Structures are given as structure tokens and as C-alpha cells.
Amino acid sequence: GNSVTQMEGPVTLSEEAFLTINCTYTATGYPSLFWYVQYPGEGLQLLLKATKADDKGSNKGFEATYRKETTSFHLEKGSVQVSDSAVYFCALSGGTYKYIFGTGTRLKVLA
Amino acid sequence: GAVVSQHPSRVICKSGTSVKIECRSLDFQATTMFWYRQFPKKSLMLMATSNEGSKATYEQGVEKDKFLINHASLTLSTLTVTSAHPEDSSFYICSALDSGSSYEQYFGPGTRLTVT
């Protein structure tokens, strides 16, 4: 079945550091891929998405490229801020519109 | 963007009572909504798919008599936790599928349930 594997956290970075959160997936067909962010005590907010191979999703300085050859969708940001501290979830959606989520990666950015 | 609301945002109830959580799509119609449960510092677990006008589809291991789902209109789905026990304490999140245009899921802000 479909699955998402996300790097274990927590990730602790200094402000302005480069961020990479790895995400790989297993799926049949051509799923859509997503990154969601969850701030403390809140629900999930869509950060970015990509719907086909080689698509690059981007938002608020975050980027991720849909790599079919490596079945990956790694999240990157060139310079993180304290306000980026949150939990980040990688997810995929196949033909049934059900989402499969990774386990989440907690990011803590220190001033 | 599309907005999904949940009510209440927090609820505390006594063991043995039932609690109803509402999920509303505010500016689009959703024939399909999803209910998730999130344990502390864990990922989201899909509990069930709520279909307007028909019975919900539950994921394996989720008790349908424990977690009653009603999708009475194109903008409202409710989750009722019946005879709640402390182990039901969790963060419950709904999402609504925008079938009108993007087929994208929009998530509610979540409901924190504490059973004492």
C-alpha cells in the first residue's frame, strides 16, 4: 500500500540556517504530494503541493520538488526564522483522495 | 482560500458521557469529509470518511458504534464520541474535500477532547 516516510525529529536550527526535511514515499500510480505545517494547538495548514513529477511547490520561502526517480519530496528553506518553528507533515494523496501522512518532523528555530 | 471550521475547539467531559464535534465547510460544498485523530507528538490517523447522504466508511480498527459520524448536509459533518473514556482524549481534526473545483482537502483547526 501507499506510505510516507519522514525523517525523525526534532530538528533544531539557528535562525537563518538552511533547512532540509526529508520525505520519501511509496505509491502506485501518480500521487499528489503535500507538505503541511502545524503550529502549536492548531490544525494543519497547507504549505505547498506538487501534483506531477518534476513539479516544484513553493510558498513562504519553502520549496519541494516531486522527484519520481527517487520517490522523494524533500522540503527545503534557505534561511529559517523563529516563526517557522512548528511540526511539518509530508503527505500523499492517491486516487481515492485519502491522505497518507508521514509521522511529522518537529522544527525548532533558535534566535 | 477555502475555510473549514470545527466546533468546539476544546471540550472537557466526564467519563461515560457523549460528545459531539461539528465540522463545517464555510464557503464550499463538500460531499466528502474526513475525520482524523492525532495522538500527542504523533501523526494523523484517518478514522473515517464521511459521505453526504450515506453511511460513513471507517478505517480498520475504528469502532463505528463508538465514533458516530453523520454527514447530514453538504457543509456539515458531525463526529459523536459515545460513552467517552479517558483513552478517547485526543486531538480530532476534520477535513473537507472540495469536489467543486480542486479536489483538495481543507483542514479544520481541530478539537481538543479531554475525558476526565
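Proteins get letters first, then strands, A, B, ... in listed order; numbering begins at 1 in each. Source: prediction; values computed, not measured. The basis for the numbers below is simple: all heavy atoms, side chains too, and nothing from hydrogens, waters or symmetry mates.
- Looking at Gln38(B), only its side chain comes within 4.5 Å of chain A, counting heavy atoms on both sides.
- Distance check: Met45(B) CE to Phe101(A) CZ gives 13.0 Å after rounding to the nearest 0.5 Å.
- Within a 6.0 Å sphere centred on CD of Glu8(A), heavy atoms belonging to other residues, nucleotides or ligands number 12 at most.
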### Message
Could you walk me through whether Tyr36(B) and Tyr99(A) satisfy the ring-ring contact (aromatic ring centres under 6.0 Å, His included) test, starting with their C-alpha distance in whole Å, then the side-chain angles of each, then the deciding distance to 0.1 Å, before giving a yes or no?
### Response
CA-CA 10 Å; Tyr36(B) 297 84; Tyr99(A) 279 26; 7.5 Å; no
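- Contacts of Gln38(A) with chain B are made by side-chain atoms alone, with heavy-atom separations under 4.5 Å and no backbone atom involved.
- Taking each heavy atom of Phe34(B) and Lys98(A) in turn, the nearest pair found is CE2-CG, 4.0 Å.
- Using a 4.5 Å cut-off on side-chain heavy atoms (C-beta onward), Ile100(A) and Leu46(B) make no contact.
- Cluster annotation: Phe91(B) is not connected to Ile69(B) through the hydrophobic network of ILVMFWY side chains, with a link wherever side-chain heavy atoms come within less than 4.5 Å.
- Sparse packing is recorded around CD of Glu16(A), with 12 or fewer heavy atoms of other residues, nucleotides or ligands lying under 6.0 Å away.
- For Tyr92(B), there are no ring-ring contact (aromatic ring centres under 6.0 Å, His included) partners at least two apart in sequence or on another chain.
- Under the 4.5 Å side-chain heavy-atom criterion for grouping Ile, Leu, Val, Met, Phe, Trp and Tyr, Leu68(B) is not connected to Ile21(B) through any hydrophobic cluster.
- Side-chain N or O atoms of Ser43(B) include one that pairs as donor or acceptor with a backbone N or O of Gly102(A) at under 3.5 Å.
- Scanning for side-chain hydrogen bond (donor to acceptor under 3.5 Å, both in side chains) contacts around Ser25(B) gives an empty result, with sequence neighbours left out.
- For an aromatic pair to be called close, the ring centres must be under 6.0 Å apart, and Tyr36(A) with Phe107(B) satisfies this.
- The cluster map of Ile, Leu, Val, Met, Phe, Trp and Tyr, joined by side-chain heavy atoms under 4.5 Å apart, puts Leu13(A) and Ile21(A) in the same cluster.
- In the hydrophobic clustering of this structure, Tyr39(A) groups with Val11(A); members are Ile, Leu, Val, Met, Phe, Trp, Tyr whose side-chain heavy atoms approach within less than 4.5 Å, directly or through other members.
- The CD atom of Gln105(B) lies 11.5 Å from the NZ atom of Lys49(A); values are rounded to the nearest 0.5 Å.
- Comparing Leu44(B), Ile93(B), Val4(B) by how many heavy-atom pairs each has under 4.5 Å with chain A, the most go to Leu44(B).
- Contacts of Leu46(A) with chain B are made by side-chain atoms alone, with heavy-atom separations under 4.5 Å and no backbone atom involved.
- Neither the backbone nor the side chain of Ser9(B) has a heavy atom closer than 4.5 Å to any heavy atom of chain A.
- For Phe89(A), the part lying near chain B is the side chain, with the backbone staying farther off; criterion is any non-hydrogen pair under 4.5 Å.
- Placement of Val109(A) and Leu47(A) within a single hydrophobic cluster is found when ILVMFWY residues are connected by side-chain heavy-atom separations under 4.5 Å, directly or transitively.
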